[in-house]
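A short worksheet on the structure shown next.
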Protein chains: 2
Amino acid sequence: MALMHPMSAHTNRPVYLKLRDQIAAAIIDGVYPEGAMLPSVRALAAEQGANPLTVAKAYQQFQNDGLVEVQRGVGMYVVRGAAERLRSAEREVFLREEWPEIRSRMARLGLDPADLTLAC
Amino acid sequence: MALMHPMSAHTNRPVYLKLRDQIAAAIIDGVYPEGAMLPSVRALAAEQGANPLTVAKAYQQFQNDGLVEVQRGVGMYVVRGAAERLRSAEREVFLREEWPEIRSRMARLGLDPADLTLAC
DNA sequence: TGGGGTGCATCAGTGCCATAATACAGCCAT
DNA sequence: ATGGCTGTATTATGGCACTGATGCACCCCA
């Protein structure tokens, strides 16, 4: 009896979205400090085994949000306050759109977030 | 300044997966008790404004897992013990694959599950 | 023995995603 | 100024998931 739940959490996210999340985490965690230059699209593409255009698509999001500054011919730099703004924005989205579903889901499964704080 | 994060949680889940989750929740919650007949693909499709085949694809999962019994030409019935098995399986998957990511994500955003137990 | 209810198979259409190969525009150190 | 690094635009292609329309096989009941 398998009882597998393939893609239950939609784990097949597009590459450019996974890269976006990964970069966002790096900015928040200070891996890419404010003022620092992000890896070039070609460099990150080579490192991640992805296509440069896919990486560019991931970076696009941050430009639109004004979190990185593009210097044509030079590179992309993390804007001042980007980490805090990014964390704040992600936190708001998480609390508003994800957490309620997670809560009800856990309730249905007989789980309590408080009990899992230290466990696992 | 937008700072939007479209599809940050991949909110564009396929219809058949949303239906699957919804049906699973109904089975666990006893909306479709053990031994009861599930709504026909056409009926549920009409009710949800979806395509019968999309509903059938959602049901498919439960057949493979042996949680529902198909009587050709009659309908699909919830198997004995389906609710408990389903809840148990989903709980295991959740704890193993989803919760760790949620935990680290919340930590990055400066959130503590215990603090949100009653809030919101 | 029909008629209306099941589930299911087949085929086709659509759109997104990822990749690729170029080519271009800008900056900088040598 | 030249070579080498940046990001970007263009176009084309293959793959895959999702959705949709039609028709068939099956079963029960009147």
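Note: A:Leu111 CG to B:Trp99 CH2 = 8.5 Å, rounded to the nearest 0.5 Å. Residue B:Asn64 holds its CG atom at 5.0 Å from CD of B:Gln60, rounded to the nearest 0.5 Å. For the atom pair NZ (B:Lys18) and OG1 (B:Thr54), the distance works out to 11.0 Å, reported to the nearest 0.5 Å. Summarising the geometry, atom CG belonging to A:Asp21 is positioned 10.0 Å from atom CD belonging to B:Glu101; distances are rounded to the nearest 0.5 Å.
At whole-Å resolution of the value, OH in A:Tyr59 and P in D:dA9 are 16 Å apart. Regarding A:Gln48, its CD atom lies at a distance of 12 Å from the P atom of C:dT19, rounded to whole Å. In this structure, B:Leu19 atom CG and D:dA17 atom C1' are separated by 16 Å, rounded to whole Å. The interatomic distance linking A:Arg13 (CZ) with C:dC16 (C1') rounds to 15 Å, in whole Å. Atom OH of B:Tyr16 is separated from atom C1' of D:dA17 by 8 Å (rounded to the nearest Å). One atom, CE of A:Met37, and another, C1' of C:dC28, lie 12 Å apart when rounded to the nearest Å. Look at CD on B:Gln61: it is 14 Å from P on D:dA17, rounded to the nearest Å. Distance, B:Leu44 CG to C:dG5 P: 17 Å, rounded to whole Å.
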Checklist entry - Going 5' to 3' along nucleotides 20-30 of chain D, which nucleotides have protein heavy atoms under 4.0 Å from the base (write B), which only from the sugar-phosphate (write S), and which from neither (write -)? => result BBB--BBB---

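B:Tyr32 meets the side chain to side chain contact (heavy atoms under 4.5 Å, CB included) test with B:Ile23, B:Ala26, B:Ile27, B:Leu38, B:Pro39, B:Val78; sequence neighbours excluded. The side chain to side chain contact (heavy atoms under 4.5 Å, CB included) search around A:Arg108 returns B:Ala25, B:Ile28, B:Asp29, not counting sequence neighbours.
Phosphate contact (OP1/OP2 of D:dC18, side-chain N/O of B:Lys57, threshold under 4.0 Å): present.
At a threshold of 4.0 angstrom between heavy atoms, the contacts of A:Gln60 with the nucleic acid are absent.
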